[in-house]
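What follows is a set of notes on a single structure, which appears directly below.
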Amino acid sequence: MRPATDALIVIDVQNDFCPGGALAVAGGGEIVGGINALMTDFPVVVLTQDWHPGTHLSFADNHPGAAPYSLTDMPYGPQVLWPAHCVQGTHGADFHGALRTSAAQMVIRKGFRPEIDSYSAFFENDKVTPTGLEGYLRARGVGHVTLVGLATDFCVAYSALDAARLGFGVTVRGDLARAIDLNGSLAAARDQMAAAGVVWQG
Ligand code: VGL
Ligand code: ZN
């Protein structure tokens with residue numbers, strides 16, 4: 001077991017991000033076994049769950065005429081328009097069936113406000129609205145977070161960058177994460193994480 005100050009944050013290992021899902025990430029299902037095994041090493045385990053209302057403005061369907069994966073301008077900056085995914089209460093929003101969810105003490109839901117997306121586990125995409133995860137981790141005395149899950153270049157990377165900005169030590173297990181890789185987003189995310197001092201393993 002790692003020290004009491006070490007947390008594992010499992011990002012969005014949900015059906016819609018796995019093969020067969022609405023926003024499937026290639027290889028998304030193959031990381032589940034390794035994540036389950038890693039959970040046993042950590043005293044603090046948190047899961048995040050992308051949790052959108054059907055009216056969410058990150059969905060291309062809610063912008064008539066807009067194509068999935070195109071960009072739009074939101075008050076907080078550019079926003080990719082995604083296929084509808086992880087709609088609250090649907091099978092797509094459920095965790096992957098093999099994920100050992102019982103090992104987690106905390107589930108953070110994010111992206112529930114229709115007008116703002118939330119990639120990061122810490123802040124919504126305006127970079128100021130908190131999810132509550134920082135307070136939870138600090139209250140439990142956490143100083144270092146290890147991140148795994150989906151997708152490497154969106155929710156994992158945004159979470160890693162926010163964690164580093166908040167002063168946590170941050171490791172991303174690249175072998176237990178998979179990327180969407182939209183227009184070079186994986187290379188850009190890896191550069192930003194490296195510049196922020198995030199340790200990449202795997
Ligand atoms: C994610 C796109 C939209 C992710 C969530 O989990 O990386 N990506 N919503
Ligand atoms: Zn989403």
Side-chain angles (χ1 to χ4, degrees), residues 8-32 35 46-63 66-72 74 76-96 99 101 104 107-127 129 131 133 145 147-163 170 172-174 176-190 192-193 198:
L8 178 66
I9 317 283
V10 180
I11 304 289
D12 298 0
V13 181
Q14 293 166 259
N15 290 321
D16 269 344
F17 296 123
C18 293
L23 182 38
V25 181
E30 66 197 35
I31 61 176
V32 175
I35 292 173
V46 176
L47 309 179
T48 70
Q49 192 170 25
D50 214 35
W51 194 250
H52 300 308
T55 54
H56 202 260
L57 288 183
S58 76
F59 295 172
D61 288 350
N62 294 326
H63 298 258
Y69 305 102
S70 65
L71 277 174
T72 193
M74 297 290 216
Y76 52 84
Q79 167 74 47
V80 178
L81 293 177
W82 302 106
H85 63 278
C86 297
V87 174
Q88 296 169 2
T90 65
H91 174 76
D94 287 345
F95 292 111
H96 185 289
L99 186 69
T101 58
V107 177
I108 289 279
R109 287 176 168 166
K110 60 186 182 62
F112 50 79
R113 290 187 179 83
E115 70 285 358
I116 181 167
D117 209 357
S118 187
Y119 295 151
S120 164
F122 292 92
F123 295 100
E124 302 197 13
N125 284 10
D126 62 3
K127 306 226 180 282
T129 306
T131 62
L133 180 58
V145 295
L147 298 168
V148 297
L150 306 169
T152 315
D153 42 347
F154 286 91
C155 291
V156 174
Y158 275 66
S159 300
L161 292 169
D162 279 345
V170 188
V172 171
R173 282 284 301 264
L176 296 177
R178 292 291 182 273
I180 295 172
D181 205 9
L182 185 64
N183 304 319
S185 55
L186 178 58
R190 287 211 45 185
Q192 285 180 292
M193 288 191 279
V198 172

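Basis for what follows: all heavy atoms, side chains included, without hydrogens, waters or symmetry-related copies. In listed order, ligands and their atoms are each counted from 1.
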Nearest neighbour in protein (non-hydrogen) for atom 1 (C) of ligand 1:
C155 SG, 3.2 Å

Please determine if L150 has a nitrogen or oxygen closer than 3.5 Å to a nitrogen or oxygen of ligand 1.
yes

Examine all N, O or S atoms of D50, backbone included, and report whether one is under 2.8 Å from the Zn ion (ligand 2).
yes

Taking side chain as C-beta onward, heavy atoms only, is P83 less than 4.5 Å from F59?
no

Is ligand 1 less than 4.0 angstrom away from at least one heavy atom of Q14?
no

Can you tell which of V156, I31, D153 makes a side chain to side chain contact (heavy atoms under 4.5 Å, CB included) with R178?
I31

How about C86: does one of its N, O or S atoms come closer than 2.8 Å to the Zn ion (ligand 2)?
no

Checking the N or O distance criterion of under 3.5 Å, is ligand 1 in contact with I180?
no

Under 4.5 Å between any side-chain heavy atoms of H52 and H85, yes or no?
yes

Kindly confirm whether the Zn ion (ligand 2) is within less than 2.8 Å of some N/O/S atom in H52?
yes

Thinking salt bridges, do K110 and D12 make one under a 4.0 Å N-O criterion?
yes

Any side-chain heavy atom of F95 sitting closer than 4.5 Å to one from N15?
no

Would you say the side chain of L8 lies within less than 4.5 Å of the side chain of V148, judging by non-hydrogen atoms?
yes

Among all protein non-hydrogen atoms, which one is nearest to atom 6 (O) of ligand 1, and what is the separation to 0.1 Å?
D12 OD2, 2.7 Å

Numbering the atoms of ligand 1 from 1, which are under 4.0 Å from a heavy atom of H85?
3 (C), 9 (N)

Given F154, W82, F59, which one has a non-hydrogen atom that is nearest to atom 2 (C) of ligand 1?
W82

Under 3.5 Å: N/O of D117 near N/O of ligand 1:
no

A22 to D16 - nearest heavy-atom pair and separation:
N-OD1, 3.0 Å

First locate atom CH2 of W51, then atom SG of C86, and finally report the distance between them rounded to the nearest 0.5 Å.
9.5 Å

Please indicate whether any nitrogen or oxygen in D50 is less than 3.5 Å from any nitrogen or oxygen in ligand 1.
yes

